[in-house]
Amino acid sequence: MVNMGGLCHHHHHTIFLSSTNNTPPIHHKRSKKPTTAFAHPHNHSRASSSSSLSRLSRALVDTVSSGSMQHAHSLFDKMSHSNTFHWNLMIRGYTDNGFFLHALNLYLTMRFQGVPADHFTYPFVLKACGGLLDFREGEKVHGSLFKMGLAEDLYVCNSLIGMYGKFGHIDSAVKVFEEMPLPDLVSWNSMVGAYLMVQQYFTSLKWFRTMLQAGICPNKFSLINALEACSHCFYNLWGREVHCYALKIGFESDVMIQTSLLDMYSKCRLLSYAERIFDSISSRNIVAWNAMIGAYALNGQPIQAFDSLENILKDDKLAVDNVTLINLLPSCAQLGAVLQGKTIHGLAIRKSFLPHPVLETALLDMYGEFGILKLAEVTFDQMMDKNLITWNAMIAAYVQNDWYRKALKLFEELLSGYLKPDTVTIASILPAYANLASLRECRQIHGYIMKLNFHLNTFVSNSIMYMYASCGDLALACRIFRGMACRDIISWNTIIMAYAIHGMGRMSIELFSEMKSRGIEPNDSTFVSLLSACSNSGLVNEGWAYYNSMKLDYGIEPKIEHYGCMLDLIGRTGNLDQALSFIEEMPLLPTARIWGSLLNASRNKGNIELAELAAERILSIKHDNTGCYILLSNMYAEAGRWEKVEHIKSIMKKKGLEKTLPCSTVETKFRLHRFTNKQRSHDESAMVYEILDIISRNMGHGKCIHSATKFKPSELARKKANSPENHSVRLAICFGLISTKLGDPVLVRKNTRICEDCHVAAKRISHISKREIIVGDPKVFHHFRDGYCSCGDYW
DNA sequence: TTAGGGTTAG
């Protein structure tokens, strides 16, 4: 016996095995049908081999089994059309070869011509309906079975279960199962499979267990199904038990079972177990290799995936297929290996694997992760056969690359078509709402999500939480978090980050303690949230403590994001030397975002030399981070170095990056009001300016960076229009003060960082008006109250 | 002549 790596010596729970008590259950006997019961005059016996009809029959049988249906049809045309057997043969031929529509049409013609269908006919016909996903016709066929007296036939019922499983009509499948006289192994397997089809993995396992309890001995297909269910439940204990079962009933060297086991262990993130199974396979076919490549991709070992490809290519008996490439593409994305990715794309074309919806979606996905959205779009646009997953992948590609408007446009297009969004669609599109939508729109999409019943899904809830926090409603985000039935690590990371971006670092820390006390293990993203919280709230000592604890207590190596947070934290203290040496001592290559953080710190401290250094580095790195360029451009503008400003503008233009037109929005009960700098077109602008004047007078003339700079006369007019008194955020705040309920905070969102002057102004306004003013920029929310800001004047 | 088949995009 092959020892499958000795993986299942111990199992504490015997969920599946307990009922069987070591004695293999008796295999349910297939009830052999009495041949006479359904015989009818059209059936010809094989005995009359001398007749020409029989010779033709023989020829038809041979032709159909050879798969050339065109030839078969011409033979069929020459024959008498009164023989049910011949019709069955033809229908089977079409079904087996995937010509489901032909099969169904032939059946309908058969009925039209009055030829009686029998218990052989229906399994083929039902399979064709299933293949076509034609549930109207499927139900009609089901209806006619009662009249034919075939509704209790074992094979027909099993086919019905299979068909309803394909439709996802699980209730109908259950009904057929419950009403059939004697379900057999196939019936049970079909039920387990039906639940797999609708992704109800837990229920599927429950059926498997019930089957064992009913004394049905599983065959290899039962185990393959059960393993698939286990692989989705992320609970390898059950998987190991099925593994033991496989050993017990002697399937340990069946390559299909082994491949299923490999996949199950891989999906349970037990890569070494998967490898041991793979090593124990004596004859590895391409499917096993593909599964192993998929396992390496899933478990973050892209190099190993490519090594496996080498091995496949070396072996003459193995041929790369489309699944090989599909499984390999995520590894290219992980490695950032654009060239290899494109090579695989080329290979797919050369090998005529395209068009292929799964492969094309995998390519789209990869290009999205590379950030090469043009190629992702081309792939999407060229696809003949787009399914929901394709749409989801394109939406996710846009969102991951911050192309939110495009994402929303595509989402709308999806809604107007025949495809219905699923939880993945929703979880993918919500970040776009988080970035662009008003609170009212957020509530609308939230309502829509509730109507679809998707709000119970943890992924979706997490995204809703993030959306509300990003749009300024932290309280609602918190309520959603508290109301969640099932919180995962992402839920905790999200709520910690929510308080972080609102400058309430103490709350983040409190939530982190709560999370630990509930026994939830933090991961690297938890620390990104936590360190952001410390940085945004100026909790310098706490930040360092968590940074050290992350490595020492949790064994998590800091990634570039963590270094970024720490750099913001150091920058806040104004110790620029420490900031610079922190970058120099980092084991990772600094990104534009890292230098941007130093640039920001230098600018805040007024250290032009260091700012210049950071700027040079930002420009020398290839990146598409619009924010970094804008930061740089603003800094030069403040210093009056217009030639540098123009230079950056030209770089951005060359890269196709658009400078976002600064704008601020404020929401009233009825609509969203949008302001740009020096905008006078708004209905209430006269009133707004009046308020602005009152406030300006009240404030005296605060610090104004621009006033200290000498402008060229030609630029003076432009600069004046752009002077801080006219900045959109002030217009929005003033409008908010006069158009929202007294006592409510004024919530303003803007697409660029608030300037120093406006920050001073907002503090004053909050003091004078005695109202809380919340200004959200792409990174943080400033909560202004009684003349103070939650950011501690560093952002 | 009849049912179920391992790897496949997020």
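No hydrogens, no waters, no symmetry mates; every other heavy atom, side chains included, goes into these values. Numbered from 1 within each chain, the chains take letters A, B, ... in sequence-line order.
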Rounded to whole Å, how long is the line connecting atom [atom1] of [X] with atom [atom2] of [N]?
| X | N | atom1 | atom2 | answer |
| --- | --- | --- | --- | --- |
| A/Asp254 | B/dT7 | CG | P | 13 Å |
| A/Tyr155 | B/dT2 | OH | P | 8 Å |
| A/Leu359 | B/dT8 | CG | C1' | 10 Å |
| A/Ile344 | B/dA9 | CD1 | P | 15 Å |
| A/His232 | B/dT7 | NE2 | C1' | 12 Å |
| A/Leu196 | B/dT8 | CG | P | 13 Å |
| A/Asn225 | B/dG6 | CG | C1' | 10 Å |
| A/Leu309 | B/dT7 | CG | P | 20 Å |

Side chain of [X] only, heavy atoms from C-beta on: which candidate in [options] is closest?
| X | options | answer |
| --- | --- | --- |
| A/Asn387 | B/dT2, B/dT7, B/dA9 | B/dA9 |
| A/Ser190 | B/dT1, B/dG4, B/dT7 | B/dG4 |
| A/His119 | B/dT2, B/dT7, B/dT1 | B/dT2 |
| A/Asp118 | B/dT8, B/dT1, B/dA9 | B/dT1 |
| A/Val287 | B/dT1, B/dG6, B/dT8 | B/dG6 |
| A/Thr361 | B/dA9, B/dT2, B/dT8 | B/dA9 |
| A/Leu185 | B/dT1, B/dT7, B/dG4 | B/dG4 |
| A/Lys127 | B/dT2, B/dG4, B/dT7 | B/dG4 |

Look at all strands and tell whether [X] reaches a base, only sugar-phosphate, or nothing, counting heavy atoms closer than 4.0 Å.
| X | answer |
| --- | --- |
| A/Asn327 | sugar-phosphate |
| A/Asn285 | base |
| A/Val255 | base |
| A/Pro330 | nothing |
| A/Ile389 | base |

Centroid separation A/Trp87 to A/Phe120 less than 6.0 Å: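 Ring centres of A/Phe120 and A/Trp87 not closer than 6.0 Å.
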Output field: ring centroids A/Tyr122/A/Tyr107 closer than 6.0 Å: yes
5'-most by nearest nucleotide on DNA chain B - A/Asp321 or A/Gln199: A/Asp321
Residue list, side-chain hydrogen bond (donor to acceptor under 3.5 Å, both in side chains) with A/His73, at least two apart or on another chain: A/Tyr94
A/Tyr404, OH atom: more than 12 neighbouring heavy atoms under 6.0 Å: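 Yes, OH of A/Tyr404 has more than 12 neighbouring heavy atoms, counting only those of other groups under 6.0 Å.
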Distance-only donor-acceptor test (3.5 Å): side chain A/Ser260, base B/dG6: no
Side-chain donor/acceptor of A/Asn392 to base of B/dA9, under 3.5 Å: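 It does not, because no donor-acceptor pair links the side chain of A/Asn392 to the base of B/dA9 below 3.5 Å.
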A/Glu377/A/Lys406 salt bridge by N-O under 4.0 Å criterion: yes
Under 4.0 angstrom between A/Lys267 side-chain N/O and B/dT8 OP1 or OP2: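 Yes.
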Side chain to side chain contact (heavy atoms under 4.5 Å, CB included) against A/Asn322, all qualifying residues, sequence neighbours excluded: A/Phe353, A/His356, A/Leu359
